[in-house]
Amino acid sequence: SGTLAGTRPLAGRTVVVTAGGTREALDPVRYLGNRSSGKQGVAVAEAALAAGASVTFIGGAMSVDPPAGTEVVRVESTQELHEAVLSHATGADALVMAAAVADFRPAEYAEAKIKKAQDGTNPVIHLERTPDVLADAVAARAAGQPLPGVIVGFGAETGDGTTSVLEFGAAKLARKGCEMLVVNQVGRDQVFGQDTTEVTMLFADGREPVAVAGDKTDVGVAIVTELAGLLDQPAR
Ligand code: CTP
Ligand code: CA
């Protein structure tokens, strides 16, 4: 456990943090969502603030309040998150994608509340893929847009018989093209909304993985410490 206050390694830097879950509307009253608490993203934002950064906090649905002292942008759908990230991350130094983004959304939005059919038939909900916000930010940067040189993704993984959590994480890091991936193992006794967590940070530049366990607050500080180290690295 530690604090970055006093050292201010991110003084003069701008950091954009996304947190919470997206909600994909089905009709005016219903949505597909997830159980993200937003706690890890809030902890990263607070650690970045303590390290001296200007922080933009893009929050979806969360069980906690957005952190005081940040510029708060609220979003609901993946589409809104996509637009908010690409606009607010433009010109920023770092982007941390802690949001739990839906992979699928209803292919059709019903303008009127869906009613039960009188003939007893049940509705079928067709899904389509959402945009990949993180991958699109990396792609826009590669296309020359001034997006952050340090982009951090998160990945919740479960191992299987042949592939470990970290192997899946390394593959996801390569697929996403970001500088760092914060991997955590889900399933078994892992419960959403907890105050503690266990993660391993993986790096695209080949540096050794860094494992950290503890309060999400401590893990937020560890993530910001690594992020500051990447920012101090000369451009690759
Ligand atoms: N992410 C994103 N846009 C999406 C889905 C995910 O920006 N449509 C981001 C998340 O915020 C996270 C990272 O991508 O930082 C990895 O999310 P994850 O769900 O672990 O990865 P996916 O690529 O969606 O792969 P999977 O099939 O394992 O869910
Ligand atoms: Ca996903």
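We count ligands from 1, going down the list as the structure has it; atoms in each ligand are counted the same way.
An N or O contact shorter than 3.5 Å is missing between Glu157 and ligand 1 by distance. Residue Thr78 places no N or O, backbone or side chain, under 3.5 Å from any N or O of ligand 1. Residue Arg175 has no nitrogen or oxygen atom sitting less than 3.5 Å from a nitrogen or oxygen atom of ligand 1, judged on distance alone. Polar contact with ligand 1: present for Val133 (N/O pair, distance under 3.5 Å). Among the atoms of Phe154, some N or O lies under 3.5 angstrom from an N or O of ligand 1. Between Pro131 and ligand 1, at least one pair of N/O atoms sits closer than 3.5 Å.
Not one N or O on the side chain of Thr163 forms a donor-acceptor pair closer than 3.5 Å with the backbone of Asp160. Distance alone, capped at 3.5 Å, places no donor-acceptor pair between the Gln233 side chain and the Leu230 backbone. Of the possible polar contacts, one joining the Glu24 side chain to the Thr78 backbone as a donor-acceptor pair under 3.5 Å is found.
Salt-bridge formation is not detected for the pair Asp103/Arg129: no Lys NZ or Arg NE/NH1/NH2 atom is positioned less than 4.0 Å from an Asp or Glu carboxylate oxygen. Under 4.0 Å is where a charged nitrogen must lie from a carboxylate oxygen, and between Arg141 and Glu179 at least one such pair does.
Linking ILVMFWY residues whenever their side-chain heavy atoms come closer than 4.5 Å, directly or via other members, places Val55 and Val96 in the same cluster.
Of all the heavy atoms in Val224 and Ala48, the pair that sits closest is CG2-N, 3.7 Å. Considering every non-hydrogen atom in both Val183 and Gly169, the closest pair reads CG2-CA, 3.9 Å.
Counting the atoms of ligand 1 from 1 in the order shown, those under 4.0 Å from a heavy atom of Thr130 are 8 (N). Residue Gly155 has at least one heavy-atom neighbour below 4.0 Å for each of these atoms of ligand 1: 20 (O). Close contacts between ligand 1 and Gly153 involve ligand atoms 15 (O) [criterion: under 4.0 Å to a heavy atom]. Atoms of ligand 1 found under 4.0 Å from any heavy atom of Ala102 (numbered from 1 in listed order, with element): 8 (N). Close approach to Ala156 involves these atoms of ligand 1, each under 4.0 Å from a residue heavy atom: 20 (O).
Atom CG of Asp27 and atom NZ of Lys115 lie 10.5 Å apart (nearest 0.5 Å).
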Original post:
Should Arg13 and Leu231 be marked as a side chain to side chain contact (heavy atoms under 4.5 Å, CB included) after you check the CA-CA gap, both sets of side-chain angles, and the distance that decides it?
Top reply: CA-CA 9 Å; Arg13 302 287 198 178; Leu231 278 172; 3.9 Å; yes
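Only the side chain of Asp103 comes within contact range of ligand 1, with a heavy atom under 4.0 Å; no backbone atom does. Contact annotation for Ala98 and ligand 1: no heavy atom of the residue comes within less than 4.0 Å of the ligand.
Remark: minimum distance from atom 20 (O) of ligand 1 to any protein heavy atom is reached at Lys172 NZ, 2.6 Å. The closest protein non-hydrogen atom to atom 4 (C) of ligand 1 is Val101 CG1, 3.4 Å. Closest to atom 23 (O) of ligand 1 among all protein heavy atoms lies Lys176 NZ, 2.8 Å.
Across Thr158, Leu134, Val182, heavy-atom proximity to atom 9 (C) of ligand 1 is greatest for Leu134. Which of Ala137, Ala99, Gly41, Ala135 comes nearest to atom 11 (O) of ligand 1 through a heavy atom is settled by distance: it is Ala99.
Neither side chain, Thr158 nor Gln185, offers a donor N or O lying under 3.5 Å from an acceptor on the other.
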